[in-house]
Structure formats: C-alpha cells, structure tokens
There are 2 protein chains.
Amino acid sequence: MGSPLSRDPIADARRNWEERGWADVAAPMAAITAIMRTQQILLARIELTLKPFGLTFARYELLALLSFARNGSLPMKKASTLLQVHPTSITNAVDRLQDAGLVRRSPHPTDGRTTLVELTDEGRTLAKRSTAALNAAVFSDPGFGPDDVDQLIRILRDFRRNAGDFTDS
Amino acid sequence: MGSPLSRDPIADARRNWEERGWADVAAPMAAITAIMRTQQILLARIELTLKPFGLTFARYELLALLSFARNGSLPMKKASTLLQVHPTSITNAVDRLQDAGLVRRSPHPTDGRTTLVELTDEGRTLAKRSTAALNAAVFSDPGFGPDDVDQLIRILRDFRRNAGDFTDS
DNA sequence: ACGAAACCATTGGATGTCCTAGTATATTGC
DNA sequence: GCAATATACTAGGACATCCAATGGTTTCGT
C-alpha cells in the first residue's frame with residue numbers, strides 16, 4: 001500500500017492536536033487512532049491467512065463459534081448476540097457459508113420463529129484447519145510481547161464492559 | 001444491536017482455546033479479538049458523531065489531514081501514504097468530498113502526473129466543526145483511563161513500528 | 001380465548017471499503 | 001531518445017454493514 005514512513009503519523013497528529021489547543025484530548029485521540037490502524041493491520045493479516053480457505057473473518061468467526069457450540073448448532077439470533085453483529089450480517093454470512101456447503105439451516109424444534117445454523121462435516125473440518133492456520137500465522141506471533149498482551153486484554157475488557165458489551169466481572 | 005451479555009464472549013473464547021490445547025496462543029487470540037471488537041465500538045461512536053456533518057470516518061480523516069497541511073493541500077499519493085489506505089480509496093473519498101464542495105482538485109505546479117487535493121473554505125470550516133464534535137463526544141470521554149491511554153499508545157506504537165508502518169523512534 | 005405487542009429471520013436497497021486490472025500521462029534513469 | 005518507473009483515474013467485482021419494511025410466530029395481558 002505504501003512504503004514505511006520515516007515518522008509516526010499518529011504521533012504527528014497528536015502534536016497537531018496539542019498545537020491547536022486540544023491538548024486535553026490529544027492523547028485519547030492518539031490512542032483511538034492507533035486502535036483503528038492496528039485493527040486494520042491485524043485484519044489484513046487474518047484475511048490473508050483465511051483467503052486460501054475461501055473464508056473472510058466474519059465467516060470464520062461464525063464457523064469458529066459453531067465449532068464450540070454444544071452440537072455444532074446455534075440459533076441465528078444467538079450467533080448475532082455472541083458475535084455482536086447485526087442479524088442481517090448473520091443472514092448474509094450464513095447464506096455464503098451455506099453456498100459453500102459449510103453450514104446448513106434447520107428449523108428450531110420448538111420455536112417456529114428461530115432457525116438453527118448447523119455445521120456440516122465439511123464445515124467442522126474447515127473450522128479446524130483454518131483455526132490451525134490462524135494460530136500458526138497470526139496468534140503465535142501477534143506482534144505484542146506477553147506482558148503487553150495481558151495489558152491489552154485487561155484494558156480492552158474494561159472498555160468493552162463499560163461500553164455495555166457484557167456485565168460480569 | 002443486542003442486549004448486554006452476562007458473560008464476556010472473548011473470555012469464553014479464550015477458555016475454549018485453552019481447552020482445545022491451544023493454550024499457548026489463547027491469550028494473543030483474546031487480545032486480537034478484543035482489538036477487533038473495540039475498534040467496532042469506537043468506529044460506531046465516531047460515525048454517529050460525524051453523521052450530522054455528512055461525513056464518514058474515512059472522509060473525516062482526509063479532511064482533518066488536509067486541515068493540518070501547509071496550505072490545506074496535499075498530493076493524492078501523499079494522502080494515501082499518510083492515511084495508510086489504498087490509492088483508490090483516496091480517489092473515492094475525494095470524489096465524494098468534492099461533490100459536497102469540501103475539497104477541490106488542482107494540478108500540481110511542477111509535476112504533471114500528480115494532482116493536489118485542496119480544502120475549500122467550506123471544507124476548512126467543516127473540518128473544524130466536526131473535529132470539535134469528535135473531541136467533545138468521543139475523545140474527551142474515550143472509555144479508557146489516563147494511564148491506560150498511555151499504555152495503549154505505547155503498546156500500539158511498538159506494534160505499528162514492528163509492522164512496518166514507520167521507522168523512527 | 002383473543003388481540004396486541006414483541007420477537008425472529010429475511011428481503012431489498014443504499015453505503016462504503018478494498019482489490020485487481022487496465023489506461024493515460026508524465027517523470028526519471030540510462 | 002528510450003525504457004522503466006510513478007501517479008491518478010476508470011471500471012468492475014467481492015464484501016460487510018446498516019436501515020426500513022415484510023411475513024410469520026410466539027408471548028402476554030385482559
């Protein structure tokens with residue numbers, strides 16, 4: 001996309017903020033901008049790793065979620081809630097995964113409103129293989145030291161709880 | 001989107017990873033997943049704040065970048081590099097900002113290949129007003145404590161440098 | 001039991017991003 | 001001068017997300 005810069009563009013932005021008299025919010029601005037950029041880098045790595053499997057991150061997340069469910073099946077709504085995305089995004093992801101033969105829809109046994117998404121054998125296999133690929137290519141060398149990983153987990157857990165994602169400790 | 005969960009879904013995912021024998025990468029997985037989710041929350045807040053101004057985050061970033069440039073103008077390529085996005089994304093953003101009368105294109109005085117993007121008066125005004133809105137609505141209450149903000153800045157700066165974003169200290 | 005309200009999944013439409021490829025033009029290096 | 005390089009645009013496609021609206025189902029209050 002671009003060759004490496006000689007200066008940190010986010011540090012520059014922070015300086016600009018301070019010079020304009022917004023020093024009180026310059027640091028949070030820098031932190032938030034850095035999160036945006038970091039997400040972009042990580043997402044690119046993840047999608048690159050998943051590409052050979054024909055998966056995007058959104059679809060992988062659903063596949064992985066199903067692979068951890070009791071019998072490999074979940075109500076659509078439940079998936080939407082757990083993955084924190086709109087119901088229509090689940091519909092979209094399930095459509096594509098179903099076309100690829102990785103999941104199938106089935107009616108809920110007792111509640112006629114909800115439909116269940118269920119892993120196929122092929123889907124379960126691909127979930128395992130793609131997870132192994134992600135573990136090897138991304139998670140095993142994340143670009144953060146062990147201490148920083150712990151810090152991140154704590155800071156972002158607090159943030160997400162504060163944002164209303166969940167309520168437990 | 002969904003009511004708050006009673007349990008942290010990322011902590012659950014981490015437990016699942018550990019139970020499957022991937023304990024060595026479970027923590028980085030959790031950290032990376034948390035970054036993804038945090039970015040999603042922050043982006044939603046930012047876009048909500050920018051919506052009244054008819055701006056998306058991508059367009060705001062370009063507008064803000066221009067407002068800090070020497071004379072409010074930059075070569076397209078330079079903007080692409082500084083914002084770390086694809087050149088076509090800059091073209092797309094400039095198209096829309098130009099339609100809204102916020103920027104205009106002009107030929108580079110000496111290099112006939114490059115075109116400059118320049119803020120209009122209207123664009124400069126909107127940059128100022130939308131930045132004030134973001135400062136007030138998002139950056140002044142980011143959801144991180146001051147110490148955590150500093151931690152984030154340091155950790156993510158190291159990460160970005162390591163990822164090849166820039167080279168300085 | 002019945003009707004209103006709430007819930008679930010889907011559709012269609014609109015946005016927006018990124019990527020690839022190809023084209024036109026201009027610059028730079030040899 | 002000529003070849004290689006650089007810049008920006010266009011066109012087309014793949015995705016993901018959000019929104020509003022729809023049809024079907026369940027739940028709840030009376």
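By convention in this document, chain letters (A, B, ...) are assigned in the order of the sequence lines, proteins followed by strands, and residues within each chain are numbered from 1.
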Taking atom P of C:dC19 as reference, at what distance in whole Å does atom CD of B:Q84 sit? 13 Å

Any Lys/Arg nitrogen of A:R154 or A:D158 sitting under 4.0 Å from an Asp/Glu carboxylate oxygen of the other? yes

Residue A:N71 excluded, over 12 heavy atoms near CG under 6.0 Å: yes

Interatomic distance, A:D99 CG vs D:dA14 P [rounded to whole Å]: 13 Å

side-chain hydrogen bond (donor to acceptor under 3.5 Å, both in side chains) for A:N92 and A:R96? Distances and angles first, verdict last. CA-CA 7 Å; A:N92 185 300; A:R96 297 171 192 278; 2.7 Å; yes

Can you find a side chain N or O atom of B:S89 that sits less than 4.0 Å from OP1 or OP2 on C:dT17? no

Just by distance, no angles: are the side chains of B:N16 and B:W22 close enough, under 3.5 Å, to form a donor-acceptor pair? no

Rounding to a whole Å, what distance do you find between B:I46:CD1 and C:dT17:P? 13 Å

Atom CG of residue position A:D99 - does it have more than 12 heavy atoms of other residues, nucleotides or ligands inside 6.0 Å? yes

What's the CD-C1' distance between A:Q39 and D:dA16, to the nearest Å? 12 Å

Check whether any side-chain heavy atom of A:L74 lies under 4.5 Å from a side-chain heavy atom of A:F68, and answer yes or no. no

Run the salt-bridge test on B:R124 and B:D121 with the 4.0 Å N-O cut-off and return the result as yes or no. no

Regarding B:R157 and A:D8, does a basic nitrogen lie under 4.0 Å from an acidic carboxylate oxygen? no

Here the distance between atom P of D:dG13 and atom CG of B:N92, to the nearest Å, is 17 Å

Let me know the distance between CG of A:L50 and P of D:dA14, rounded to the nearest Å. 19 Å

Between B:E47 and A:K51, which is nearer to the 5' end of DNA chain C once each is assigned its nearest nucleotide? B:E47

Each nucleotide of nucleotides 1-13 of chain C classed B (base within 4.0 Å of a protein heavy atom), S (only sugar-phosphate) or -, in 5' to 3' order, makes ------BSSBB--

Any residue in residues 55-68 of chain B with a heavy atom nearer than 4.0 angstrom to DNA chain C? Just list them by number, or reply none. B:T56, B:A58, B:R59

side-chain N/O A:H86 vs D:dC18 OP1/OP2, d < 4.0 Å: yes

Which residue lies more 5' along DNA chain D, comparing A:R96 with A:T110 via nearest heavy atoms: A:R96

Would you call A:R7 and B:D165 a salt bridge, taking side-chain N to carboxylate O under 4.0 Å as the test? no

